[in-house]
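Chain naming here is simple, since letters A, B, ... match the order of the sequence lines and numbering starts at 1 in each.
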There are 2 protein chains.
Amino acid sequence: MDNRPIGVFDSGIGGLTVLKEIMEQLPGEDIVYFGDTARIPYGSRSKETVIKYVIESFDFLMTKDIKAIVIACNTASALAMEEAQAKFSVPIIGVVEPGAKAAAGCSKNNTIGIIGTEGTINSGAYQKKIRKILPTAEIIGVSCPLFVPIVEEGWENSDVAELAARKYLLDLKEHNIDTLVLGCTHYPTLRYTIGKILGEKVTLVNPAYETAKLTKNILKEEGLLNEKIDGGTYRYYVSDAPSKFQRIGGNIIRREIDVVEKVVLGN
Amino acid sequence: MDNRPIGVFDSGIGGLTVLKEIMEQLPGEDIVYFGDTARIPYGSRSKETVIKYVIESFDFLMTKDIKAIVIACNTASALAMEEAQAKFSVPIIGVVEPGAKAAAGCSKNNTIGIIGTEGTINSGAYQKKIRKILPTAEIIGVSCPLFVPIVEEGWENSDVAELAARKYLLDLKEHNIDTLVLGCTHYPTLRYTIGKILGEKVTLVNPAYETAKLTKNILKEEGLLNEKIDGGTYRYYVSDAPSKFQRIGGNIIRREIDVVEKVVLGN
């Protein structure tokens, strides 16, 4: 048993979708969430910059005496996982590995799509992890830069969302994928629109759900679960615009966010 | 006469639309361009963060022995102009003032629209400058977060662009504006789509053009023009992803960008 909190890290607010899954699957755990809102979006930045930001963010989380870190951000998981694991001694769980495993387990025709930011797709991280399990898989990655602002506008079920999704998903449809990884924390919000375009035969994999499941397993294996089985507490830190985080974030986790503290990192 | 270069600052690549106008109107001037690409977008950040970024960027530009600074970024002009002018001794020219002046000069029915980022619109900077000239003007500001990613996708003339523009511009159309300020460096690229929706009777004001004109006047007044009347040289610095800047930037200024150097600021 270990009653220290879990650190959950994201480049901004999207990681709250992962936090929400952790709240549901591990209701006794205390959480310290850090969103690096001063430096979003990570999705279009270079690998070395993302690594620098992740390490600075983890240095901050470590000051909160955490027992493990969940990287809720797909881009950070794709680009900085190895460097973070090498530098910090606590277990670090990213969204890419559990998302990739679930996709490989779902696919029947060995044809899998991945959608995410430019950084996530170009890193090839999901592709590599899936190929480890399914070496002959055909994998098609598509970056969808409009999806995050569409979700942040609240336009996820609009005609704009549908037209943009049709453009982005055309290639995946033609390749006849049977599984699609929603490889960015914001994308599950577009699930309905994406499902409408791809049809029922395509399984949509939500790495947030898989990540919470893996986190639970790892904590159990390492003897790090909290004694409490319910009543976890949540603290929120961001590097910019706490009131915006508070306002939008409450909608994502479906409960009120009382306090958000601003911390200044190396930026 | 003063043969030192002009510094042109933007949060990223969009400021090249302003640089292009300066190249055309001041072809003898040498330019040092700095794009703070590691910290884009400024549009959704808090005022204090934008001021910090602008001052760090100007500290860098000052090391290049510049004689004046043009802030090509609307958000930075709207949020950090006064602080920058107080801290640096060279003339500083922003895009907001010339854009606002042109709009006030154009409008016949005293009803003016402004589109820009959240930061620019919420700052009220354009609104205040226009009201100084036209105290009774009705001014409607609308932030359009999807426009930047649409332009960066190259979708400016697509059905997605048209639908998004219809949503954003609806309120402006109903208010019967006769003048619209394109208050973000990326937006002039959407000029055709916006014009199609608002119709010919609405004048679109491009602050980039007005800013280059003002820069020329200020340099002339202050005796700071370059001796050369042609053959200006251009140096480019960014804080992240120089190769991406080089690739996309060349299209904007319609000439090749040979070298882009990366500099690390306080981030």
Q | Under 4.5 Å from a heavy atom of chain B, the part of S44(A) involved | A | both
Q: Between chain A and each of A164(B), A241(B), A161(B), S243(B), count heavy-atom pairs under 4.5 Å; write down the option with the most.
A: A164(B)
Q | Shortest non-hydrogen separation from I40(B) to P41(A) and the atoms involved | A | O-CD, 3.6 Å
Q) So which residues of residues 143-151 of chain B are in contact with chain A at a heavy-atom cut-off of under 4.5 Å? A) P145(B), L146(B), P149(B), I150(B)
Q: Kindly give the heavy-atom pair with the smallest separation between A38(B) and Y53(A), and that separation in Å.
A: O-OH, 3.2 Å
Return all side-chain donor-acceptor pairs below 3.5 angstrom for residues 194-202 of chain B, not counting sequence neighbours, or 'none' if the list is empty.
from	atom 1	to	atom 2	distance (Å)
K196(B)	NZ	E162(B)	OE1	2.8

Show which side-chain atoms of residues 254-262 of chain B pair as donor or acceptor with protein atoms under 3.5 Å away, not counting sequence neighbours.
from	atom 1	to	atom 2	distance (Å)
K262(B)	NZ	E48(A)	OE2	3.4

Q: Heavy atoms only: give me the nearest R45(B)-T37(A) pair and the separation to one decimal.
A: NH1-O, 3.0 Å
**Q.** D240(B) side chain vs S46(A) backbone, donor-acceptor pair below 3.5 Å
**A.** yes
Q: Work out which heavy atom in K244(B) is nearest to a heavy atom in E118(A); give both atom names and the distance.
A: NZ-OE1, 3.4 Å
Q) Checking heavy atoms, do the side chain of D159(A), its backbone, both or neither come under 4.5 Å from chain B? A) both
(Q) So, using side chain to side chain contact (heavy atoms under 4.5 Å, CB included) as the criterion, who are the partners of K64(A) when residues are at least two apart? (A) V32(A), F60(A), I66(A), R235(A), Y237(A)
